[in-house]
Each structure stands twice: as C-alpha cells, then as structure tokens.
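Okay, structure first, notes after.
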Amino acid sequence: MKKIWSYLAGGIFFTLLWWGVSLVLSLPIVPSPWEVVARLLQTFTETVAIHGFYSLWRIMVGLLLAILLGFPLGLSMGYYPSLDRYLAPLVYLTYPVPKIALLPIFMLLGGVGEAPKIIMIFLIVVFQVIIAVRDSIRAIPAETYYPLFSLGASFRHLFSEVLWPASLPKFITALRVALATAISVLFFTETFGTQYGMGYFIMDAWLRVNYLDMYVGIMVLSLMGLALFSLLDAIEYRATRWQRKG
Amino acid sequence: MIEVKNLSVRYGEEKFVALTGVNLTVPTGTVCVLIGPSGCGKSSLLRAVAGLQSAAGGEVLVDGLPLKPTEKKIGFMPQNYGLLPWRTVRDNALLGCRIKGTIDSGTEARLARLLAVLGLKGMEDRYPGELSGGQQQRVSLARIFLMEPDILLMDEPFSALDTITREDMQEVFLSLWRKQAVTTLLVTHYVEEALYLGNKIVLMASHPGRVTDVMENPLFGATDLRSDPAYFALAGELRRKIKETRGA
Ligand SMILES: Nc1ncnc2c1ncn2[C@@H]1O[C@H](COP(=O)(O)OP(=O)(O)OP(=O)(O)O)[C@@H](O)[C@H]1O
Ligand SMILES: [Mg+2]
C-alpha cells in the first residue's frame, strides 16, 4: 500500500513538473498535461485505441513466443551442462548483436507486415530469458534436489517444487529489463510499413505537426509500458513471497 | 533390513577417499546410530544409503535389493534440513506426502497434530527463511514423520535444538518410532543420544573414513537413562573408544 502511495506521489510530481514547464515555455510543442488528457479522452475510442491495441498485441505475442521458447531452452541448458556446452557459444555469439540492425533483413524476408515487428520483440526478450533461467537453474545447490530425489520425484514434481520457483525471480527480472528495450524497439519498427501502432500514430502526428496528438501517443505508449511493468510487479509480488523477509 | 557391503565413496577429480570398506547391517525395525568425529564421512554414508551419492565400490541393499526411491518410502533428513526456501512450513512438511501422492482426508489433521507436538503451531504459513535453525529442523522432522516412511535416514536430526527441546524431540521420535518401528539409520555427535536412541551403535573414524567398532546397546529407549548405572559404564566405554579412534 505504501508503495502505491509513493508511486502516486511520483506521478503527481511529474505531472506538476510538466505543467510548470509548459507554463514557462508556453509553446505549442509543450502543451499542458490537462490539454493532452482532454484530447486523449476525446480521441481515445475513435483513433488511439486501435493503435494502442496493435502495439499491445505485437508486444504480447513477441513476449509470449520468447517465453515459450526461452524458458524451456534456458531450463534445459541450466539442468543439462552438456547441452549448455553446445548452446552457450551460440547464445553468447548472437546475444550482443544489436537486434534492431537486423530489422531491414527481416523486412526483406518477411515483408513489412506483423512478422518482422514481432520477431524483433521476440529476439530482444528471448536472450534475456534464456540466460536468466539458465543461470538460476545452475545456481541451485545440489542439496536442494536431495529431498526430491530421495522421494523418487518425477520430473513434473522436480519442475513444480524446485526448477520453477528457483528460476522465477530472475525470470521476471529479465522480462522487466527486456520489456523496456522491447517497447523502444517496437516504437521504431512501427514507424515503417504499417498504418497501425503507437509508433505510427506518434510519427504521423509529428509529421502532421499535430503536437497534441503526438503527446497523446507518447502518453498512451508510456502508460502501456507502465501497465506491463505493474503487471510483472504484481506477478512477482505474488509468486516470490518467500524472498521477502518479515 | 539395510545392508552396506564394502562400500567406498570418493569425491572430486582427485578421488578423495571419504569412505572405504564400510560394512554395516541394520536389521528391520531397529535403530542404528552412527557416531564419529566431524569429517569422518557420516553424511557421505547416509547419502550413499539414500542413493544420492554414487558408490566408488561396494553396494547398498535394502531388503536384499538395491534401493529404488520410487518404490520405497525413504525418510531422508539431511544435515541442512532439506527445506525448500520457496515453500511454507505447511507445504514443506507435506512434501513427502505430496510427491508420494498419499494426501487424503486425514492428512490435514495429522499434520496439525504433528506440528503441535513439534511446537510449530501457528507457523504454518511462514517460510524457512523466517524460522530459527531449530524450528527449521523440526519442520524437517515433521516432513519425514508425516510420510510414514519404510526406512529413516536422519543426519544429526536434533543438532540445532537446545537441551530441553532436544529431549522432547527424542521422545517424539521414539514414540513415533514405536508406533511404526521403522528401520532407521541416525547420525549423531552425542554419546548420550547414541545410547538413548540406538539399538546398535556404529563408531567411525576418519582418514580414511571407516567403521571401527559396532556395539549392541542394551540401554535403547531406557526410560530413565541417567539414573541407570549401566549408562555410565557404557557411556564411558563409548567415549574411550571415540578418543582411541581419534588418536589412531
Ligand atoms: N561434495 C563433496 N565434495 C568433496 N569432498 C566432500 C564432499 N562432501 C564431503 N566431502 C569430504 O568428505 C569427507 C566426509 O564428509 P562428510 O560430510 O560425510 O563428514 P561428516 O562425518 O558428516 O562430518 P560432520 O560431522 O562435520 O557433518 C570430508 O573430509 C569432506 O571434506
Ligand atoms: Mg555430516
């Protein structure tokens, strides 16, 4: 509860700061927060919502694919050192390649549709997930498995009693870190070859010199990121209760 | 019956000899206590019996067969208690039953009774990180008692408890043991505990880890150990033997 209040206070402070700057500058390029909110409420259902929906959909699909592939892969690499020996070099060689630089290639191969955008998000998130999950599995001391081994536990039990809870904290942190990058990259990819998405909406408003719409776009994109962050926070809060003492 | 035949255990690249030529028999329905200096391989022996540590030589048989954790219920209580940090006291205590699939309508009541006996009432929803060492140890006891195992392997099960609590827990152990008469291998550092809880006492020595002596113990489960004159004679003998193996 305390946390919520401090976040609220932060939000109010930020809004007041923005308002102050808009009053001091009084230029059309910095509209006041109230104008932006009014504009948002007025245009949300007819224009902004559909763009927001597209962006959210791309992020969610990219994220989901990254988890579906990254989690089992990281888990296997952490659990089977022999597999890690083969795959780790591949992961480490490709991890530092700036994924965004590959966008032109994916656009050439996959056209300008949804696929390249989703692939970009997938690529950014998947490496973080693989590495985080692998490292947390590797960090589990052998003794942690002993009670399960001595009980003759099946893999299903090993997973639910040890592997999943042990990897969850780092897994969620990885998602959070990757998500910030993923949203920036999403913005970038949406400025090409699409009529939908918050990236398109913001750049389009900018080209039309409609600063109010541009701010509406920035605000929606930020709120979207914030919502995803809060969602991860809530999941983390529920799932890793054992890490909080007292 | 647990039979250890010419068992040796080695660790690491250098093949450090932790145990060599260990022979040991625990007849069905008896308690065998392992006692010996720190580092003599008591935990290694227990892990080898539980099948958690592969043997460099020799074998371990339970009822004449190699031990299969899927077929037998092994109540293994490791020296570090073996609690899962992400499970509450309740879920840790229920781990054995959960994995063996033996949770039924009576389990909840038995758990509550056991936790009360072990002095853990009201701590059901705490995590191991929120418990003292002695409380963690008692959760681990709850886990193995609750699952009604076929064999019990306990590594210093009362080490983290104060004297009074330890005596209480030894009582709890004995009363539960009397009900189920589980074949038990128990590690301890205390001469008194060995004499109180063991039908048979196995002395071990280090460098390399081995069994040096096996004593039958007529005092097992005696109601008033300290007032029994035989106790002092046996305790003295046991202490002397432990000192000898240390000098050797
Ligand atoms: N995983 C391991 N890798 C290498 N050496 C080990 C390992 N586990 C134990 N040892 C070594 O094997 C020997 C026996 O260890 P063990 O833990 O079985 O002793 P212990 O009798 O249980 O001692 P304590 O009474 O202190 O618990 C020790 O010298 C120890 O250093
Ligand atoms: Mg030990």
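First the proteins, then the strands, lettered A, B, ... as listed; each starts at 1. Atom set for the values below is all heavy atoms of this structure, side chains included, hydrogens, waters and symmetry mates excluded.
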For B:Arg126, which atoms come within 4.5 Å of any heavy atom of chain A: side chain, backbone, both, or neither? neither

Turns out that what part of A:Ala239 lies under 4.5 Å from chain B's heavy atoms comes down to neither

With a 4.5 angstrom heavy-atom cut-off, is it the side chain or the backbone of B:Met77 that approaches chain A, or both, or neither? neither

Parallel, tilted or perpendicular: which fits the ring planes of A:Trp18 and A:Phe14, with parallel below 30° and perpendicular above 60°? tilted

Tell me, for B:Ile74 versus chain A, whether the close heavy atoms (under 4.5 Å) come from the side chain, the backbone, both or neither. both

Surrounding OH of A:Tyr196 (heavy atoms of other residues, nucleotides or ligands, distance under 6.0 Å), is the total greater than 12? no

For A:Phe155, does the CZ atom sit with more than 12 other heavy atoms under 6.0 Å from it, leaving out its own atoms? yes

May I ask you to test the B:Asp63-B:Asp150 pair for a side-chain heavy-atom distance under 4.5 Å? no

For the candidates A:Pro147, A:Ala153, A:Ser160, A:Ala142, which exhibits the highest count of non-hydrogen atom pairs separated by less than 4.5 Å from chain B? A:Pro147

In terms of heavy-atom pairs under 4.5 Å, which option from B:Lys72, B:Lys68, B:Arg47 contacts chain A the most? B:Arg47

Go through A:Thr144, A:Val162, A:Leu148 and name the one with the most non-hydrogen pairs under 4.5 angstrom from chain B. A:Val162

Check: A:Gly113 main-chain N/O paired with A:Lys117 side-chain donor or acceptor under 3.5 Å: yes

Please determine whether a side-chain nitrogen of the Lys or Arg among B:Glu148 and B:Lys73 lies less than 4.0 Å from a carboxylate oxygen of the Asp or Glu. no

